[in-house]
Amino acid sequence: MKICVLVKEVPDAAVEKRIDSSTGRMDRSGEKNLNPYDTHAIEAAMQIREGGVVPVEEIVAVTMGPDSAVRALHKAVSLGADRSVHLSDQVVAGSDVAATGYALAKTLQRESPDLVLLGQQSDDGECYTIGAVVAEYLGMPSLTQVIKMDIDSDSLRCERQAEYGYDTVQIKMPAVISVGDAINEPRYPSLKAIMGAKKKPLDTVTAADVSIDASKVGGENSGAQWVAAKAPPAKAAGEIIEDEDTGETVEKIVAWLDERKLI
Amino acid sequence: MANILVYALHYDGAINKNSLGAVSEGAKLAAELGGEAHAILLGENVPEDLAASLGKYGAKKVLVAEGPEGLAQPLVDAMARAIADGGYSYALFGGGLLGFEIGAGLAARLGAGVAMEVTAVRAEGGELIAERPILGDSAISEIKYRSNVGIIISRLNAFEIKETGGGDAPVERLDFELSQHALQATMVTRGEQRGADVDIEGASILIAGGRGLGKAEGFQLCEELAGAFGGNSAVAATRAVVDAGWYPYAAQIGQTGKTVAPKLYLAAGISGAIQHKVGMQGSENIVAINKDANAPIFEFSDLGVVGDLNKILPKLTEAVKAKKAS
Ligand SMILES: Cc1cc2nc3c(=O)[nH]c(=O)nc-3n(C[C@H](O)[C@H](O)[C@H](O)COP(=O)(O)OP(=O)(O)OC[C@H]3O[C@@H](n4cnc5c(N)ncnc54)[C@H](O)[C@@H]3O)c2cc1C
């Protein structure tokens, strides 16, 4: 089978997130890295391959984004993907969730995957539904936030937590699954894998290459339209204690609690 | 007509509280737009009276569709059918998980705009504007819709439940067809409770632990501190540690767990992710202990302690005991 893993570059967590006031979109400049949640999806693909229940011919990392997104693909390859595909085109810039999902689905269609995996959320946009969008465009069943996945010949037995507890769902492949971060502990790439990542095949495609209808993507064609940004209601900043002498710290905490009659 | 279709999640004979909030909000907004709010339920033999009861929260009509419960794609099919039949300008979802998946799938099916994690909606000039916090809640963006139908998925507990005084709503069967891909997923077991059935909802003091506790045994530190407070105190947890099997699901706070508002919420080794925050931000006093000075939880705590919980919690337990004894 062939597994495609959707990955994304996000601003490094250490970098402050900003909003570009002229467009209302996230300012995505600055240091970038592979979305940490995506490493769990790559690891899940690797474990299916190593589990040997179903032979995995290929693991392909797929992304959409500017030139710099190539770094996220290199990282994905160093973690185990065999090759990668980069949808890079001005026309898709500024797409909302639905338009992004459409563009990714068109890119995936060319690969005809048996399984599409992705991380539980993106570290920057606080979005955790792109899997459901992609699945709908591909006409595949899907489930998000999966923390356990057992594969047999043509289906997956998935577990995830939903509103009322844990659900177990049986899903026929091809399918789109977003995995939660509890599903596995991603491995660290070897130095050799990091060095070799740039030599693995990377296919850069345009919107036209994957038959994306340009009238359905980009900021101008997105159904959700940003109109304004404002500051949230001001909230009094909390007190902060830096723990240097723990005895003293604890005294301060107790005094604080006592003042509010909480003890 | 500017009607709003509201998804109502139900389980075990009851409607989800966030769905009741969404129906109440939908009814208010629809009135402002000059339309009606209709609710939709999907399940196997949904009780007629359960559906009709949504009239009390302002639904003018309730659509009931027959299909497999607990999965998103059957609802995408049902709601797309209802919307194609006409009259709806917006689809509204309360906070949770299923609503996010359905709303996102519906956006794809209809080519519609979608806003998620919405905390407020207002009607203006005959259309709805959704407010969505971004960048770790440091800014709020306002979103309008260009598409024929706008999809609004709210954050947990965003909308108040309001009984508007109406009686039962008329219930209508919705005929629709399940798409091919919706038939490829089947629920094996739903709502399994993992771990002990602890009761935390009535506690006035909650000591909550997260991944920073390091291992399951780390929860002892929280239990000892809760014990020191005595009386009406209990221990709570994040999804990260519940998924890891360190603590029971019944003690989980957040988007797919419980919502609480105790007098004191003391969080140890919890980063303060939005999905956790939404379940506890109503607490009267929030104290956080975290070794990372940049942890998001410090943005919404009343007292933040930057330090190692392994050093602080044992001493704090002793100090609280001493204070109680004095
Ligand atoms: C759809 C969806 C639904 C979700 N629902 C929920 C939900 O219901 N409830 C929920 O809680 N989460 C939920 N989540 C997950 C949420 O996004 C976070 O991943 C989770 O809350 C993180 O848990 P945590 O704070 O325990 O772990 P982490 O985010 O890993 O934080 C651990 C913290 O511990 C600190 N730490 C480490 N060691 C120490 C030490 N020795 N002393 C002091 N501090 C230390 C670290 O600095 C860090 O800040 C959901 C996510 C999604 C996508």
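Labels below follow one simple rule: chain letters A, B, ... track the order of the sequence lines, proteins then strands, and each chain is numbered from 1.
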Next on the checklist: Are there over 12 heavy-atom neighbours, none belonging to A:D152, within less than 6.0 Å of that residue's CG?
Outcome noted: yes
Checklist entry - Say you draw a straight line from OG of B:S141 to CD of A:Q225; how long is it, rounded to the nearest 0.5 Å? => result 12.0 Å
Checklist entry - What part of B:F100 is in contact with chain A, defined as an atom under 4.5 angstrom from a non-hydrogen atom: side chain, backbone, both or neither? => result both
Item to check | Proximal component of B:Q252, with respect to chain A [non-hydrogen, under 4.5 Å] | outcome: side chain
Item to check | chain B interface, residue from A:L156, A:I147, A:D96, A:L143 that has the most non-hydrogen pairs under 4.5 Å | outcome: A:I147
Item to check | Heavy-atom proximity to chain B below 4.5 Å, by part of A:K235 | outcome: side chain
Checklist entry - Measuring heavy-atom distances to chain A, does B:A240 have an atom under 4.5 Å in its side chain, in its backbone, in both, or in neither? => result neither
Checklist entry - Out of curiosity, B:M187 CE to A:Q170 CD, how far, rounded to the nearest 0.5 Å? => result 12.0 Å
Checklist entry - Using a cut-off of under 4.5 Å for heavy-atom pairs, which of B:V242, B:I129, B:I205 has the most such pairs with chain A? => result B:V242
Item to check | Which of B:I143, B:N16, B:N294, B:T189 touches chain A most, by non-hydrogen pairs under 4.5 Å | outcome: B:T189
Item to check | Straight-line distance of A:T249 OG1 to B:K315 NZ, nearest 0.5 Å | outcome: 9.0 Å
Checklist entry - Looking at side-chain heavy atoms only, is the closest gap between B:D302 and A:W256 below 4.5 Å? => result yes
Checklist entry - Using a cut-off of under 4.5 Å for heavy-atom pairs, which of A:T168, A:I263, A:I240 has the most such pairs with chain B? => result A:T168
Next on the checklist: Under a 4.5 Å cutoff for heavy-atom pairs, which residue among B:V320, B:N285, B:L266, B:N18 has the most contacts with chain A?
Outcome noted: B:N285
Next on the checklist: Can you confirm whether B:R211 sits close enough to A:D181 that some side-chain heavy atom of one is under 4.5 Å from a side-chain heavy atom of the other?
Outcome noted: yes
Next on the checklist: Counting only non-hydrogen atoms closer than 4.5 Å, does A:S142 touch chain B with its backbone (N, CA, C, O), its side chain (CB onward), both, or neither?
Outcome noted: both
Next on the checklist: For the CD atom of B:Q184 and the OG atom of A:S155, what is their distance to the nearest 0.5 Å?
Outcome noted: 10.5 Å
Checklist entry - What part of B:E131 gets closer than 4.5 Å to chain A, counting heavy atoms only: side chain, backbone, both or neither? => result side chain
Next on the checklist: Please check this pair: side chain of B:Y249 against backbone of A:G165, looking for a donor-acceptor N/O pair closer than 3.5 Å.
Outcome noted: yes
Item to check | Heavy-atom closest pair, residues B:L71 and A:V169 | outcome: CD2-CG1, 3.8 Å
Next on the checklist: Shorter than 4.5 Å, heavy atoms on both sides: which option in A:A231, A:A236, A:A228, A:P174 has the most such pairs with chain B?
Outcome noted: A:A228
Next on the checklist: So which atom in B:Q73 and which in A:A135 form the shortest heavy-atom distance, rounded to 0.1 Å?
Outcome noted: NE2-CB, 4.1 Å
Checklist entry - Side chains of A:T144 and B:E101: donor-acceptor distance under 3.5 Å anywhere? => result yes
Checklist entry - Taking all atoms of both residues into account, what is the closest heavy-atom pair of B:H181 and A:P141, and its distance? => result O-CB, 3.5 Å
Next on the checklist: Any carboxylate oxygen within less than 4.0 angstrom of a Lys/Arg side-chain nitrogen, looking at A:D245 and B:K311?
Outcome noted: no
Checklist entry - Taking B:V306, B:D308, B:L303 one by one, which has the highest count of heavy-atom pairs under 4.5 Å against chain A? => result B:L303
Checklist entry - What pairs of residues pass the salt bridge (charged side-chain N to carboxylate O under 4.0 Å, His left out) test when at least one of them lies in residues 248-263 of chain A, not counting sequence neighbours? => result A:D258-B:K323
Item to check | Heavy-atom pair count under 4.5 Å with chain B, highest-scoring of A:K172, A:E163, A:E242, A:Q145 | outcome: A:E163
Checklist entry - What option among A:I183, A:V133, A:V97 has the most heavy-atom pairs under 4.5 Å with chain B? => result A:V133
Item to check | Residue part contacting chain B, namely of A:E244, when any heavy atom lies under 4.5 Å | outcome: neither
Checklist entry - Would you say the side-chain atoms of B:T256 and A:Q161 include a donor-acceptor pair closer than 3.5 Å? => result yes
Item to check | Side-chain heavy-atom pair A:Y128, B:Q255 within 4.5 angstrom cut-off | outcome: yes
Item to check | Enclosure of A:K2 NZ (heavy-atom neighbours >12, cutoff 6.0 Å) | outcome: yes
Checklist entry - Shortest non-hydrogen contact from B:I140 to A:P232? => result CD1-CA, 3.7 Å
Next on the checklist: Using side-chain heavy atoms (C-beta onward) and a distance below 4.5 Å, is A:L257 in contact with B:L264?
Outcome noted: yes
Next on the checklist: Tell me which of these, B:A115, B:G304, B:G307, has more heavy-atom pairs under 4.5 Å with chain A than the rest.
Outcome noted: B:G304
Checklist outcome for this item: What one should report as the nearest heavy-atom pair of A:T129 and B:A104 is CB-CB, 3.5 Å
Next on the checklist: If I compare all heavy atoms of B:V305 with all of A:I253, which pair ends up nearest, and what's the gap?
Outcome noted: CG2-CD1, 3.8 Å
Item to check | Max heavy-atom pair count under 4.5 Å with chain B, selected residue of A:G139, A:A99, A:A105 | outcome: A:G139
Next on the checklist: Between A:D167 and B:G191 (side chain of the first, backbone of the second, donor and acceptor by atom type, cut-off under 3.5 Å), is there such a pair?
Outcome noted: yes
Checklist entry - About how many Å separate CZ of A:R160 and CG of B:D243, when rounded to the nearest 0.5 Å? => result 12.0 Å
Checklist entry - For the residue pair B:Y11 and A:Y164, does the interplanar ring angle fall in the parallel (under 30°), tilted (30 to 60°) or perpendicular (over 60°) class? => result parallel
